[in-house]
Amino acid sequence: ALNPLSMVTDAPEAGLEIVKAARECLKIAAPHREAVLGIPPLASLVATLLALVWLASRRFLGRKLKEMSEATRSYRTDRFSLTVRGLLQSLLLAAPWPLIMWALGRWFGSDHAPSLVRSAGSALCEVAWLFGVLRFALVMLRTGGVGTAHFRWRADSAEHTRKHLRWYTPCAVVSALVALLLDRHGVQMWSDSIGRLAFLLWMVSTALFVRWSIGPDSPIWEPKKREDDDEGFLLRTRQIWLILAVGLPVLLAALALTGYYYTALQFELRIRTSAYFLLGLLTVYSMLLRWLYISRRKLAVAQALEARERRKKATESEAEGTPGPLVDVDHVDIPSVDAQTRQLFKSSMTLTSVLGLYLIWTSALPALQQLNRIQLLPRLAIVSEEESSMQPAIGLPSASFESVESSGPKKASEAEAVRRDAVAGEVGHAAASESSEAEATSSSPAAGITPQLPASGGGDSAEPVLLKTLTLGDVLLALIFLALT
């Protein structure tokens with residue numbers, strides 16, 4: 001582990017070296033910009049042009065967004081298409097500056113650019129996504145935005161979160177850009193000093209933002225007048241979510257401070273990806289609830305008009321002396337349908353979030369990777385060399401299947417030892433055999449399974465290959481799916 005004080009003591013020297021390297025890059029790139037950086041890629045030019053057009057039409061987009069928000073106040077003018085259009089216009093309002101940042105990153109990432117410029121390009125492309133998500137959240141939470149006007153989010157909660165997003169956005173973008181740039185560049189002293197300081201600032205500001213925006217004093221946790229099951233569950237378990245949300249950035253800062261900087265960066269990347277994924281699911285879930293609200297209101301209005309028409313006809317029939325039926329055989333129980341649909345949406349979102357988080361974190365946590373190494377139902381077959389090259393063995397090293405047909409007992413025992421060492425947790429069983437070749441292949445490389453390998457035709461020995469397998473990870477995902485549905 002590194003000395004935590006080294007990042008402070010080495011920061012001035014590293015800063016001077018970074019300034020010198022930047023000056024050298026400018027000296028090289030200024031006279032020969034096209035030779036060093038090259039012509040901007042077509043994607044960068046198109047992205048910059050679109051960003052400039054959207055910047056010029058910001059007032060128009062904002063005015064149209066406000067008009068659509070006003071239209072949602074009346075059931076006569078409210079439509080689900082207004083929400084879709086409002087969401088697209090919110091993306092256009094949030095996209096220009098992140099899009100310009102991404103275009104610069106693509107340009108700076110040219111193969112002919114100096115190493116420091118290429119590192120800056122890679123960092124700009126990655127931070128542009130963070131900047132875009134934060135900008136989109138700011139637009140969604142604005143007064144009259146999609147969040148408050150269409151999704152019916154509480155205005156005080158939206159304004160409270162937006163107030164803290166205003167200071168967190170520049171702090172997170174600048175510190176993330178510095179930390180990722182120096183990490184991509186690869187100079188150890190720069191990354192361990194200024195890079196770690198920027199990463200610590202990033203994580204501390206993230207922890208403070210989470211604490212102040214969704215802390216115990218936040219209006220987000222104030223119970224609404226009409227509480228449903230989701231709100232009750234969140235209110236009951238809010239302490240767990242608060243500790244987890246605030247503790248993760250603090251834990252990453254502690255890892256970076258004690259010298260495990262690379263590990264902290266890897267975990268931060270997956271936490272950030274998980275946050276993008278969950279925010280996307282929240283938007284989709286809000287869109288589904290919005291569609292359900294409009295459909296339920298439309299159905300209620302239609303039923304009310306039909307009931308009024310039936311009463312009118314019944315009154316006319318009574319006046320004529322022939323009373324008519326007042327029972328509607330096609331009546332739909334709207335509250336029951338609404339509750340069942342909400343439950344379906346909630347189960348779908350829960351299942352999708354579990355599967356998505358599993359896929360995001362499975363490459364980072366060795367415990368999750370081990371679930372796919374436990375073969376429950378393997379299938380072995382002897383295939384030709386062409387088929388073997390097209391479909392490699394899964395989870396079993398080729399060294400464990402050495403041919404022993406022409407070997408004596410010594411070679412057979414060596415191959416058996418290779419099999420035992422290559423496959424962890426192997427459970428073999430003895431089988432009576434008349435030759436040393438059958439004895440060499442009697443133990444199975446999979447847990448509790450003894451595949452019968454067919455004899456290879458001809459004089460050449462073929463290699464068994466594991467074609468398909470059912471792993472413990474597949475079974476657990478299936479159980480989670482059944483439990484949630």
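Numbers for residues simply follow the sequence, beginning at 1.
- More than 12 non-hydrogen atoms from other residues, nucleotides or ligands lie less than 6.0 angstrom from CG of L244.
- How far NE2 of H160 is from CG of L141: 11.5 Å, rounded to the nearest 0.5 Å.
- At a threshold of 4.5 Å between non-hydrogen side-chain atoms, the residues M203 and V250 do not count as touching.
- Using the six-membered ring where Trp is involved, H164 and W212 have ring planes that are tilted, between 30° and 60° apart.
- Checking side-chain atoms of T161 against main-chain N and O of A158 turns up no donor-acceptor pair under 3.5 Å.
- Judged by distance alone, with hydrogens and angles left aside, the side-chain atoms of R270 form a donor-acceptor pair with the main-chain N or O of Q266 at under 3.5 Å.
- Of the residues I271, V133, I360, the one that meets the side chain to side chain contact (heavy atoms under 4.5 Å, CB included) test with Y276 is V133.
- Considering every non-hydrogen atom in both G195 and Y261, the closest pair reads O-OH, 3.2 Å.
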Verdict with supporting geometry, L252 and L248, side chain to side chain contact (heavy atoms under 4.5 Å, CB included): CA-CA 6 Å; L252 295 183; L248 283 177; 5.6 Å; no
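- Remark: L281 CG to Y285 OH distance equals 11.5 Å, nearest 0.5 Å.
- Taking 4.5 Å as the limit, some side-chain heavy atom of L208 sits within range of a side-chain heavy atom of W167.
- A side-chain N or O of S274 and one of W361 form a donor-acceptor pair less than 3.5 Å apart.
- Of all non-hydrogen atoms in A198 and A179, the two that sit nearest each other are CB-N, 3.9 Å.
- Judged by distance alone, the side chain of T148 and the main-chain N or O of T143 form no donor-acceptor pair under 3.5 Å.
- At least one side-chain heavy atom of I100 sits under 4.5 Å from a side-chain heavy atom of L55.
- The heavy-atom pair separating F131 from T169 by the smallest distance is CE1-CG2, 3.8 Å.
- For the pair L177/M101, no side-chain contact is recorded, criterion being any heavy-atom separation below 4.5 Å from C-beta on.
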Please walk me through it: do M68 and V146 pass side chain to side chain contact (heavy atoms under 4.5 Å, CB included)? CA-CA 9 Å; M68 287 186 290; V146 175; over 6 Å; no
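- A 4.5 Å side-chain heavy-atom check between R290 and R152 finds at least one atom pair inside the cut-off.
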Worked check of side chain to side chain contact (heavy atoms under 4.5 Å, CB included) between F199 and L180: CA-CA 8 Å; F199 183 81; L180 295 178; over 6 Å; no
Candidate pair L116 and L181, rule side chain to side chain contact (heavy atoms under 4.5 Å, CB included), full reasoning: CA-CA 8 Å; L116 184 61; L181 187 155; 3.9 Å; yes
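- Summarising the geometry, atom CG belonging to L45 is positioned 11.0 Å from atom CG belonging to L50; distances are rounded to the nearest 0.5 Å.
- The shortest distance between side-chain heavy atoms of L130 and W202 falls below 4.5 Å.
- Between S175 and A172, the shortest heavy-atom distance links the atoms OG-O, 3.3 Å.
- More than 12 heavy-atom neighbours from other residues, nucleotides or ligands sit within 6.0 angstrom of CZ on R166.
- The CH2 atom of W129 lies 11.0 Å from the OG1 atom of T273; values are rounded to the nearest 0.5 Å.
- The two residues L289 and R342 have their closest heavy-atom pair at CD2-NH1, 3.8 Å.
- For the pair S353 (side chain) and T350 (backbone), a donor-acceptor distance under 3.5 Å is present.
- Side-chain contact between F267 and L251: absent, with no pair of heavy atoms (C-beta onward) separated by less than 4.5 Å.
- The two atoms that bring R58 and L93 nearest to each other are NH1-O, 3.4 Å, heavy atoms only.
- Formation of a donor-acceptor pair under 3.5 Å by the R196 side chain with backbone atoms of A256 is found in this model.
- Side-chain contact between F136 and L87 is present, with at least one heavy-atom pair separated by less than 4.5 Å.
- A salt bridge is absent between K163 and E159: the closest approach of a Lys/Arg side-chain nitrogen to an acidic carboxylate oxygen does not fall below 4.0 angstrom.
- Between F151 and W153, the two ring planes are tilted [angle within 30° to 60°].
- With hydrogens and angles ignored, the 3.5 Å screen pairs a side-chain donor or acceptor of T283 with a backbone N or O of L279.
- Between the CZ atom of R211 and the OG atom of S218 there is a distance of 10.0 Å, given to the nearest 0.5 Å.
- Note: R106 CZ to L42 CG = 9.5 Å, rounded to the nearest 0.5 Å.
- Side-chain atoms of H185 never come within 3.5 Å of backbone atoms of R118 as a donor-acceptor pair (strictly under, hydrogens ignored).
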